[in-house]
Amino acid sequence: MRKTSLIMLGAFLGAGTSMVATQTDFLSGPRAVAASAETYRQLSLFGDVFEKVRTDYVEKPDEAKMIEAAVNGMLTSLDPHSSYMDAKAFRDMQTTTRGEFGGLGIEVTMEDGLIKVVTPIDDTPASKAGLLSNDVITQIDDDQVQGLTLNQAVDKMRGPVNSPVKLKITRKESKDPIEVTLNRDVIKIKPVRSRVEGTDIGYIRLTQFNEQTYDGLKAAVDKLSGEIGQDKIKGYVIDLRNNPGGLLDQAVMVSDAFLDRGEIVSTRGRNPDETQRFSAKAGDITKGKPVVVLVNGGAASASEIVAGALQDHKRATIMGTRSFGKGSVQSIIPLGGSGALRLTTARYYTPSGRSIQAKGIEPDVEVVQDVPDELKGKDETKGEAGLKGHLKQKDVEERGGSSAYMPSDPAKDKQITAAVDFLHGIQKGATNTQKPTMPN
């Protein structure tokens, strides 16, 4: 049984052997026998209810859906991040973490019941066919888009590589609808974007932690140091804002990219022998340049692992607003052809041993955005502490979410401006002193 290790807002990491140990304890001793009898009595109750609904409900129910709903109800009663994924949801999750799929290469959103193009991705079938931002897709393969959800429309546009798909679009500049036929190609989601800020700061934004993230980060650092000059670059801004997380190994690798030694993160399950520790190896891809990490209320899980590790090791200055506060770890356990189980199995801890569950990462320097009047009050995330049924921490003050607003114009982004000013104002090496006193 293969497990996928992820850690994100609604996603996951693994431990699988605890089921065997639990079963051994479960079957030994008189208390275990009593517990077993009670458990089987409850399972018998479920069977009785299921049979009654199956035979007597006013309409013939879908038995498979009933069982899926019962399984999902059991899991969602545990915490907000445990759930059952049917086969399709499991495939979608795998596509997200791979960062690669057969499609057209357009970022889309839903507006007034129609699918609107946000932007075509460079060098994809969509960009080559001339699709533009703000184009409205009205038909996909002669099927009307209106009435479909965004996910349903996206599913229709994805498919096997080299298979054709026909789109009908409307464009403000064109009186008549435009019809185009595109052949699907391999589309890679690029989780890393970079640019030069001013003349001497490298800005790198990580939008998620998929299989491409570390390689994308390394390529971005190489590109920026080449463009600016290794001797001239003042430092790097690593933007993790509104990054919901992703693969645990990528979070570890991204953290390791800036560290020479020390623990990055540990995960601790119900049993002490389930504890795992991840440590850095020698080698800093920035060659010790100062680093600022940006976080906000939308930065969660894997993003918080990176921010927490670099903060604890004093390798980076954390700026922005408090992060989301998801400090739990989930296992994705495939169930044959019937989807997968997503189960919370551990909590994770930063190098100094702190859990950020329902608390978040507090920035070293708080910088609050100027939120437009029409968005005030709508820019705050609930945070983990605001989720019903979230895991509690003993004797820890919980903190709610913070603002997740990011202006579309970088010139109006106070957090980026503050990060750049900070890097210009510090002496070389001021943020990269690593103290080897963290627990290992």
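Just so it is clear, the values below take in all heavy atoms, side chains as well, and ignore hydrogens, waters and symmetry mates.
- Side chains of Met319 and Pro363 form no contact here, defined as non-hydrogen atoms less than 4.5 Å apart.
- Between Pro351 and His313 there is a side-chain heavy-atom pair separated by less than 4.5 Å.
- Inter-residue side-chain proximity for Tyr84 and Ile67 is flagged as unmet; no heavy-atom pair is nearer than 4.5 Å.
- Residue pairs that meet the salt bridge (Lys or Arg N to Asp or Glu O under 4.0 Å) test with at least one member in residues 74-83, sequence neighbours left out, do not exist here.
- No donor-acceptor contact under 3.5 angstrom links the side chains of Gln250 and Glu211, judged on distance only.
- There is a side-chain donor-acceptor pair under 3.5 Å between Asp379 and Ser403.
- With no hydrogens or angles considered, no side-chain donor-acceptor pair links Asn243 and Thr207 at under 3.5 Å.
- The local environment of NZ in Lys378 is sparse, with at most 12 non-hydrogen atoms from other residues, nucleotides or ligands closer than 6.0 Å.
- For Thr95, the side chain to side chain contact (heavy atoms under 4.5 Å, CB included) test picks out Arg98, Phe101, Arg158, with sequence neighbours left out.
- At least one side-chain heavy atom of Ile137 sits under 4.5 Å from a side-chain heavy atom of Met157.
- For the side chain to side chain donor-acceptor pair (under 3.5 Å) test with Gln357, the passing option among Lys326, Arg347, Glu384, Glu304 is Glu384; the others fail.
- For the pair Pro334/Phe90, a side-chain contact is recorded, criterion being any heavy-atom separation below 4.5 Å from C-beta on.
- The neighbour count for Arg193 CZ, taken as heavy atoms of other residues, nucleotides or ligands under 6.0 Å away, does not exceed 12.
- Under the side chain to side chain contact (heavy atoms under 4.5 Å, CB included) criterion, Ser402 pairs with Thr321, Arg322, sequence neighbours left out.
- For the pair Asn210/Thr96, no side-chain contact is recorded, criterion being any heavy-atom separation below 4.5 Å from C-beta on.
- In summary, the side chains of Thr344 and Ser328 do not present any donor paired with an acceptor at a separation below 3.5 Å, with no hydrogens or angles considered.
- A donor and an acceptor atom, one from each side chain of Ser279 and Glu263, are nowhere located under 3.5 Å apart.
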Lys218 and Asp215: side chain to side chain contact (heavy atoms under 4.5 Å, CB included), yes or no, with the steps? CA-CA 5 Å; Lys218 189 173 184 303; Asp215 289 341; 5.7 Å; no
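- Residues Thr317 and Val293 have side chains not in contact (no heavy-atom distance under 4.5 Å, counting atoms from C-beta outward).
- Taking 4.5 Å as the limit, some side-chain heavy atom of Asn296 sits within range of a side-chain heavy atom of Met406.
- Partners of Asp155 according to the side chain to side chain donor-acceptor pair (under 3.5 Å) rule, which considers only residues two or more places apart in sequence or in another chain, are Lys88.
- Pairs of residues two or more places apart, or lying in two chains, that qualify as salt bridge (Lys or Arg N to Asp or Glu O under 4.0 Å) and include a residue from residues 403-413 are Arg241-Asp413.
- Checking His390 against Glu398 by side-chain atom types alone, a donor-acceptor pair falls below 3.5 Å.
- Glu51 pairs by the side chain to side chain donor-acceptor pair (under 3.5 Å) definition with Arg54, not counting sequence neighbours.
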